[in-house]
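Everything on this sheet refers to the single structure shown next.
For the single chain, residues carry numbers from 1 onward in sequence order.
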Amino acid sequence: PSTSFSIPIPLNSLTDNEHTITVYAEDMFGVKGDEATVRVRISLEEPKGSVNSPTFEETVKGRVQLAGVTSDKNGIDRVQVSIDNGNTWNDVAGTEIWSYEFDTRLLKDGTHVVFLRVWDEYQVQGLYSSLINVDNTSPEINLELPLDDSTFTTGTVFLSGQTTDNIGLEKLYLQITNMNANQSEIPMDLAKR
């Protein structure tokens with residue numbers, strides 16, 4: 001007669017990697033039947049990954065290299081990044097230690113999400129994210145006063161104008177250069193005025 005069987009094996013009793021499971025039956029007289037063998041792949045957790053540079057504290061411009069690390073007990077098959085909210089994915093160079101170079105001018109200035117997708121050798125996928133700060137646009141400045149070719153004889157010279165930056169202005173510098181080459185320039189720091 002045929003007998004069905006079910007043998008539960010707790011997954012946490014196994015380890016990552018490939019295993020062979022062999023089952024055989026023995027009748028009541030000690031006659032052993034043929035062995036049935038199956039190979040199974042065990043992945044107890046998704047692969048780990050991170051973007052290590054640039055860090056969130058850095059602001060980048062122009063060409064930049066993203067770099068990071070991944071790990072998994074079953075090995076890393078491939079790694080991809082997305083800099084457009086997951087609409088497109090790009091293969092990186094390397095696996096456990098990886099890098100990807102791109103031109104930040106493809107992005108608007110500001111903070112953007114970088115997605116990292118990692119597959120282990122058994123095609124289990126992990127998804128991670130990081131942030132990148134981009135600033136490719138220089139501040140704009142407009143000097144309104146004094147007017148060009150103004151003449152002053154006494155009193156105070158008033159400077160007036162405005163400056164803007166789409167991320168935020170940190171410092172404003174003023175440099176006054178005497179047209180007489182024998183006299184030195186007059187440096188001034190107008191930070192946060």
Side-chain angles (χ1 to χ4, degrees), residues 6-21 37-142 161-173 189-193:
S6 174
I7 305 171
I9 301 172
L11 195 57
N12 63 3
S13 69
L14 301 173
T15 59
D16 284 288
N17 225 317
E18 192 169 332
H19 298 271
T20 302
I21 299 175
T37 301
V38 65
R39 290 181 1 190
V40 295
R41 294 176 172 185
I42 304 294
S43 183
L44 297 175
E45 60 185 15
E46 66 184 30
K48 304 287 185 221
S50 64
V51 178
N52 295 344
S53 69
T55 65
F56 177 69
E57 292 81 20
E58 295 176 69
T59 299
V60 296
K61 65 180 180 179
R63 294 200 68 76
V64 67
Q65 184 175 59
L66 300 174
V69 295
T70 63
S71 64
D72 190 83
K73 291 179 182 176
N74 293 320
I76 300 297
D77 179 55
R78 65 186 166 129
V79 182
Q80 292 182 322
V81 296
S82 175
I83 56 171
D84 62 0
N85 295 317
N87 291 318
T88 59
W89 291 91
N90 304 287
D91 292 330
V92 303
T95 53
E96 283 84 7
I97 298 174
W98 61 268
S99 64
Y100 177 74
E101 187 174 317
F102 76 102
D103 191 342
T104 62
R105 290 174 290 192
L106 300 170
L107 303 172
K108 291 182 179 179
D109 288 353
T111 302
H112 297 272
V113 176
V114 174
F115 285 111
L116 177 68
R117 192 161 58 175
V118 184
W119 285 267
D120 70 11
E121 292 288 345
Y122 297 158
Q123 299 309 303
V124 174
Q125 178 182 314
L127 183 63
Y128 302 93
S129 64
S130 183
L131 296 174
I132 186 171
N133 294 306
V134 175
D135 185 8
N136 284 305
T137 307
S138 299
E140 294 180 15
I141 192 164
N142 182 17
Q162 58 185 341
T163 182
T164 58
D165 187 70
N166 58 344
I167 299 292
L169 189 64
E170 179 68 23
K171 291 185 178 182
L172 177 64
Y173 296 91
D189 184 359
L190 303 177
K192 305 266 184 183
R193 287 193 184 181

Item checked: CA sep, side-chain torsions, deciding dist, call: Glu46, Val124, side chain to side chain contact (heavy atoms under 4.5 Å, CB included) -> CA-CA 6 Å; Glu46 66 184 30; Val124 174; 4.2 Å; yes
Note to self: Go through it in stages, so that I can follow the logic: the residues are Val113 and Ser130, the test is side chain to side chain contact (heavy atoms under 4.5 Å, CB included), and I'd like the CA-CA distance, side-chain angles, deciding distance and then a yes or no.
What the structure shows: CA-CA 6 Å; Val113 176; Ser130 183; over 6 Å; no
Check: Only one of Trp98, Trp89, Phe115 forms a side-chain contact (heavy atoms from CB on, under 4.5 Å) with Val81, so which one is it?
Finding: Trp98
Donor-acceptor contacts under 3.5 Å from residues 47-54 side chains, at least two apart:
| from | atom 1 | to | atom 2 | distance (Å) |
| --- | --- | --- | --- | --- |
| Ser50 | OG | Asn52 | OD1 | 3.0 |

Note to self: Under a 3.5 Å distance rule, please check whether Asp72 uses its side chain to pair with a backbone N or O of Ile76 as donor and acceptor.
What the structure shows: no
Notebook entry, point to check: Is there a side-chain contact between Leu66 and Ile132, using heavy atoms and a 4.5 Å cut-off?
Noted result: yes
Check: Any donor-acceptor pair under 3.5 Å linking the side chain of Asp77 with the backbone of Gln123?
Finding: no
Next item on the list: Flag yes if more than 12 heavy atoms outside Leu127 fall under 6.0 Å of its CG atom; otherwise flag no.
Entry: yes
Next item on the list: Determine the minimum heavy-atom distance between Pro139 and Thr163, stating which atoms define it.
Entry: CB-OG1, 4.2 Å
Next item on the list: Output the distance between atom CG (Asn12) and atom CG (Leu14), rounded to the nearest 0.5 Å.
Entry: 8.5 Å
Next item on the list: Find the distance between CD1 (Ile141) and CD (Gln162) and round it off to the nearest 0.5 Å.
Entry: 9.5 Å
Next item on the list: Check whether any side-chain N or O of Asn74 sits under 3.5 Å from a backbone N or O of Asn17 as a donor-acceptor pair, and report yes or no.
Entry: yes
Next item on the list: Among Val134, Asn133, Asn136, Leu107, find the residue that satisfies the side-chain contact (heavy atoms from CB on, under 4.5 Å) test when tested with Val60.
Entry: Val134
Next item on the list: Give, for atom CG of Asp135 and atom NZ of Lys61, the distance between the pair rounded to the nearest 0.5 Å.
Entry: 8.0 Å
Note to self: For Leu44 and Leu11: C-alpha separation, side-chain torsions, deciding distance, then whether side chain to side chain contact (heavy atoms under 4.5 Å, CB included) applies.
What the structure shows: CA-CA 8 Å; Leu44 297 175; Leu11 195 57; 3.7 Å; yes
Note to self: Looking at Glu18, is its backbone amide N or carbonyl O close enough to the side chain of Tyr122 to form a donor-acceptor pair, meaning the two atoms are under 3.5 Å apart?
What the structure shows: yes
Next item on the list: Rounded to the nearest 0.5 Å, what's the gap from NE2 on His112 to CG on Asp84? Could you check?
Entry: 11.0 Å
Item checked: Heavy-atom pair of closest approach, residues Asp103 and Arg105 -> OD2-NH2, 2.8 Å
Check: Above 12 or not: heavy atoms from other molecules or residues under 6.0 Å from CZ of Arg63?
Finding: yes
Item checked: Nearest non-hydrogen partners of Asp120 and Ser43, listed with the distance -> OD2-OG, 3.0 Å
Item checked: Backbone of Arg78 reached by a side-chain donor or acceptor of Thr95 within 3.5 Å -> no
Item checked: Main-chain N/O of Thr137 paired to Asp109 side chain as donor or acceptor, under 3.5 Å -> yes
Check: Just how far is it from atom CZ of Arg117 to atom CG of Asp91, taken to the nearest 0.5 Å?
Finding: 9.5 Å
Check: Just wondering, do Trp119 and Gln80 contact through their side chains at under 4.5 Å, heavy atoms?
Finding: yes
Next item on the list: Output yes when a side-chain donor or acceptor of Ser82 lies under 3.5 Å from a complementary backbone atom of Thr88, and no otherwise.
Entry: yes
